[in-house]
**Student:** 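Mind looking over this structure? Questions follow.
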Amino acid sequence: MVVPVLTIDGPSGAGKGTVSRAVAKLLGWHYLDSGSIYRSLAVAVLAADLDLHDIPAICQIAKEMSLEFDCGEQLIVKLDGRDITGQLATEATGNTASIIAAYPDVRAVLLQKQKDFQRLPGLVADGRDMGSVVFQDAKIKVYLTASAEERAERRYKQLIEKGIDANLHQITREIEERDQRDQQRASAPLTVPQGAHYIDSSSLTIQQVIDQVVNLVD
Ligand code: DC
């Protein structure tokens, strides 16, 4: 039996996480936050104080790490049995994740861990290459984006709400740098998958985006 997959790709801060979680809940489907897999690896790499150019050592950690996801109201992630949820959202983790995600060997190691999420009754998969690489046969593909300024503003608010110190100018610059890195890397770059529904959320509410996406599913 084919397990239906809805992919939601797009740049950081476009609202993919909130939208994907809400849509998965409405449909009663599983949810894959693929960015958190790259972020978890980044946490492990930073903890091991590895040189970010040492690709074999990063791959070794990726192969050996054990990840547990609890996708309830709030995503809880355990790395080798330790709760690392609090470390996932930091800018250092996000930037490191973006750097190591550019390595094809690293992506190859993490591929199966992502495919394993495809279980009945269905999967909502959120990331950069869900529709273009990991779940190419997905039934429905969405590309969700927003302007860099709007995304920086949203990220800034999220961090301040979490009590994390933040600087809007720096976040805007980092978002632009991260977009460039994610879009220009040779391996599985961020791209609009063929056949994807393109949604620009800059002037939409989250609820409007959720409604648009749910309406794509029969
Ligand atoms: O979505 P996010 O900000 O949590 O992702 C963190 C980084 O992980 C992002 O900058 C690029 C990388 N990533 C990726 O390369 N492929 C994915 N499917 C998801 C994330």
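In what follows, every heavy atom counts, from backbone to side chain, and hydrogens, waters and symmetry copies are set aside. In listed order, ligands and their atoms are each counted from 1.
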**Student:** Hey, are Arg181 and Glu177 close enough for a salt bridge, meaning a charged N less than 4.0 Å from a carboxylate O?
**Tutor:**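 No, Arg181 and Glu177 are not salt-bridged.
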**Student:** Run the salt-bridge test on Asp70 and Lys78 with the 4.0 Å N-O cut-off and return the result as yes or no.
**Tutor:**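 No.
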**Student:** Quickly, which of Thr172, Asn167, Leu168 forms a side chain to side chain contact (heavy atoms under 4.5 Å, CB included) with Gln170? Name it, please.
**Tutor:**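 Only one of Thr172, Asn167, Leu168 forms a side chain to side chain contact (heavy atoms under 4.5 Å, CB included) with Gln170, namely Asn167.
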**Student:** If I apply the N/O under 3.5 Å rule, does Asp182 come out as touching ligand 1?
**Tutor:**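 Checking ligand 1 against Asp182, an N or O pair does fall under 3.5 Å apart.
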**Student:** Atom 20 (C) of ligand 1: which protein heavy atom is closest, and how many Å away?
**Tutor:** Gly35 CA, 3.6 Å
**Student:** How far is atom 7 (C) of ligand 1 from its nearest protein heavy atom, and which residue and atom name does that atom have?
**Tutor:** Ala97 CB, 3.8 Å
**Student:** Between Phe69 and Tyr31, does the ring centroid distance fall short of 6.0 Å?
**Tutor:** no
**Student:** I'd like to know if Asp182 pairs up with Arg128 as an ion pair, taking the criterion as any Lys NZ or Arg NE/NH1/NH2 lying under 4.0 Å from an Asp or Glu carboxylate oxygen.
**Tutor:** yes
**Student:** Hey, are Ser201 and Arg154 close enough side-chain-wise for a donor-acceptor pair under 3.5 Å?
**Tutor:** yes
**Student:** Which residue and non-hydrogen atom of the protein lie closest to atom 4 (O) of ligand 1, and at what distance in Å?
**Tutor:** Arg39 NE, 2.6 Å
**Student:** Within the 4.0 Å heavy-atom shell around Ser98, which atoms of ligand 1 are there?
**Tutor:**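 Answer, ordered by atom number: 10 (O).
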**Student:** If you measure only the distance, is there a donor-acceptor pair under 3.5 Å linking the side chains of Gln60 and Glu64?
**Tutor:** yes
**Student:** Would you say Asp126 has any N or O atom under 3.5 Å from an N or O of ligand 1, going by distance alone?
**Tutor:**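 For ligand 1, there is no N or O atom that lies under 3.5 Å from one belonging to Asp126.
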**Student:** Going by heavy-atom distance to atom 12 (C) of ligand 1, choose the closest among Ala101, Ala14, Ala42, Gly17.
**Tutor:** Ala101
**Student:** Is there a heavy atom of Lys16 sitting under 4.0 angstrom from any atom of ligand 1?
**Tutor:** yes
**Student:** Do me a favour and list the nearest non-hydrogen protein atom to atom 8 (O) of ligand 1 with residue, atom name and distance?
**Tutor:**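 Here the nearest protein heavy atom works out to Tyr38 CB, 3.5 Å.
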**Student:** For the pair Asp33 and Arg39, find out whether any cationic side-chain nitrogen is under 4.0 Å from an anionic carboxylate oxygen.
**Tutor:** no
**Student:** Applying a 4.0 Å heavy-atom criterion (strictly less than), which segment of Arg107 is in contact with ligand 1: side chain, backbone, both, or neither?
**Tutor:** side chain
**Student:** Please state which protein non-hydrogen atom is closest to atom 19 (C) of ligand 1 and give its distance, to 0.1 Å?
**Tutor:**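 So the nearest neighbour among protein heavy atoms is Ser34 OG, 3.4 Å.
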**Student:** Please work out which of Arg155, Gln114, Arg185, Arg128 has its closest non-hydrogen atom nearest to atom 5 (O) of ligand 1.
**Tutor:** Arg128
**Student:** Looking at ligand 1, does any of its N/O atoms fall within less than 3.5 Å of an N/O of Ser12?
**Tutor:** yes
**Student:** Within the 4.0 Å heavy-atom shell around Met130, which atoms of ligand 1 are there?
**Tutor:**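 Reading through ligand 1 atom by atom, the close ones are 18 (N).
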**Student:** Would you please say whether a donor-acceptor pair under 3.5 Å links the side chains of Asn95 and Glu91?
**Tutor:**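 No, no side-chain donor-acceptor pair sits under 3.5 Å.
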